[in-house]
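Scroll down for the structure; my scribbles are underneath it.
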Amino acid sequence: MTERSPICPTRNQRPPQAAGSLFVGKVMHHRMKPKEHRFTYSVFNILLDLDRLDEADRLSRVFSVEGFNLFSFSAKDHGLRDGSSLRDHVDGLLAKEGIEAPARVLLLAYPRVLGYVFNPLSVYYCHDASDRLIAIIYEVRNTFGDLHTYVRPVLAGEMSDAGVRQVQRKVFYVSPFLDMNQTYHFRMLPPADEVRVRILETDGDGPILAATFSGTRQPFKTSQFLKLFFSIPLLTLKVMAAIHWEALKLWSKRIKFHSRAKSVSGQVQPENTPNSQIMTG
């Protein structure tokens, strides 16, 4: 059954034209088996145009690009993690897959808060000159310091009024409570008035984990940043603390533990996954 978004597609087709936007909402994880486990947290993401980072740097007194502030963004947290151009990195990843260079690339991620950040998932939305979404890059990070990118062209039949539906075999170790024999089902409503990131993880017996972020767009301005700082204090520290707190709960429920050493022995190394390892559906 096709899941449809309640958002009118005519209001949510065109990506934000600003250099920076805020998306405020909730992240939810629901594990279905072997024992049920569910949690929800209030969070917010920033959406940045990678060609207009200098402009985004000037939008708020409490936000900086490549500098310390209450909130900030650094290229060293993404891509090759060496501070090099993220736009060049994206163009290179797409070129390897035979995808033309996009006119715009929008990155959805958590900001640094007082210099600290951890992004379990960052998403690059790649658009052509007509604002048509041509590719999505899923940048996944684990708590061991590894990073992996799944590069996906948006193919005919994957886009509908409900957003983008893509399927990807898991090749990167993330959680010790999930084995590597999994498949990701992405259900993405690209950012505009709202954004939705939905990932259903399945094994050979069906769904095992659902993870979602649903957010609404807010202005990228100082008053909104300050409101979020006090309503969702120390966001990125909270993300890391929540990961370990929920892992402790899973351990207490005696969920099977999959060691990283054994899991990564057959894992594709943290780099771009070629199309030969991608399944569509």
* Structure fact -> Arg132 meets the side chain to side chain donor-acceptor pair (under 3.5 Å) criterion, sequence neighbours left out, with Asp128
* Residues two or more places apart in sequence or in another chain: which of them pass side chain to side chain donor-acceptor pair (under 3.5 Å) with Asp57? -> none
Find the distance between [atom1] ([X]) and [atom2] ([Y]) and round it off to the nearest 0.5 Å.
| X | Y | atom1 | atom2 | value |
| --- | --- | --- | --- | --- |
| Asp91 | Glu100 | CG | CD | 11.0 Å |
| Arg169 | Gln182 | CZ | CD | 12.0 Å |
| Met188 | Arg196 | CE | CZ | 12.5 Å |
| Arg112 | Phe63 | CZ | CZ | 11.0 Å |
| His29 | Glu201 | NE2 | CD | 10.0 Å |
| Leu48 | Leu106 | CG | CG | 9.0 Å |

* Write out all pairs satisfying side chain to side chain donor-acceptor pair (under 3.5 Å) with one or both partners inside residues 16-27, taking only residues at least two apart or from two chains. => Lys26-Ser42
* Pairwise side chain to side chain donor-acceptor pair (under 3.5 Å) hits with a residue in residues 44-53, at least two apart -> Asp49-Arg104, Asp51-Arg87, Arg52-Glu55
Would you say the side-chain atoms of [X] pair up with the backbone N or O of [Y], donor to acceptor, closer than 3.5 Å?
| X | Y | answer |
| --- | --- | --- |
| Ser231 | Lys227 | yes |
| Thr149 | Val151 | no |
| Glu97 | Arg152 | no |
| Thr222 | Arg61 | yes |
| Gln224 | Lys221 | no |

* Let me see the working for Leu108 and Val197 under side-chain contact (heavy atoms from CB on, under 4.5 Å), right down to the final yes or no. => CA-CA 10 Å; Leu108 183 74; Val197 176; 4.1 Å; yes
* Do Leu80 and Val140 belong to the same hydrophobic cluster, where Ile, Leu, Val, Met, Phe, Trp and Tyr are linked whenever their side-chain heavy atoms lie under 4.5 Å apart, directly or via other members? -> no
* Mind checking whether Met28 and Phe44 sit in one hydrophobic cluster, side chains of I, L, V, M, F, W, Y counted as touching below 4.5 Å? -> no
* To do: For side-chain contact (heavy atoms from CB on, under 4.5 Å), just list the numbers for Ile136 and Phe186, CA-CA rounded to whole Å, side-chain angles, deciding distance to a tenth of an Å, and then say yes or no.
  => CA-CA 11 Å; Ile136 301 177; Phe186 296 109; over 6 Å; no
What heavy-atom pair brings [X] and [Y] nearest, and what distance separates the two atoms?
| X | Y | answer |
| --- | --- | --- |
| Val164 | Pro190 | CG2-CG, 4.3 Å |
| Ser72 | Gly67 | CB-O, 3.2 Å |
| Phe118 | Asn142 | CE1-O, 3.6 Å |
| His78 | Ala109 | CE1-CB, 3.8 Å |
| Leu59 | Gly20 | CD1-N, 3.8 Å |
| Asp205 | Asp203 | N-OD1, 2.9 Å |

Side chain proximity check, [X] to [Y], heavy atoms < 4.5 angstrom:
| X | Y | answer |
| --- | --- | --- |
| Val117 | Phe73 | no |
| Leu94 | Pro153 | no |
| Glu66 | Leu53 | no |
| Phe220 | Pro16 | no |
| Val105 | Leu86 | no |
| Leu133 | Tyr125 | yes |
| Arg187 | Arg165 | yes |

* **Partners meeting ring pair (Phe, Tyr, Trp, His ring centres under 6.0 Å) with Tyr124 (sequence neighbours left out)** => none
* Could you go through the side-chain contact (heavy atoms from CB on, under 4.5 Å) check for Leu22 and Ile46 one step at a time? => CA-CA 5 Å; Leu22 283 164; Ile46 56 174; 3.8 Å; yes
* Leu70 and Leu226: side-chain contact (heavy atoms from CB on, under 4.5 Å), yes or no, with the steps? -> CA-CA 9 Å; Leu70 191 62; Leu226 291 175; 3.8 Å; yes
* Decide whether His89 and Ser84 meet the rule of one side-chain donor and one side-chain acceptor closer than 3.5 Å. => no
Got a list of side-chain donor-acceptor pairs under 3.5 Å for residues 207-217, not counting sequence neighbours?
{"residue": "Thr216", "atom": "OG1", "partner": "Gln218", "partner atom": "NE2", "Å": "3.4"}
{"residue": "Arg217", "atom": "NE", "partner": "Ala192", "partner atom": "O", "Å": "2.8"}
{"residue": "Arg217", "atom": "NH2", "partner": "Asp193", "partner atom": "OD1", "Å": "3.2"}

* Asked: side-chain hydrogen bond (donor to acceptor under 3.5 Å, both in side chains) with Gln166: which of Tyr150, Tyr184, Tyr138?
  -> Tyr138
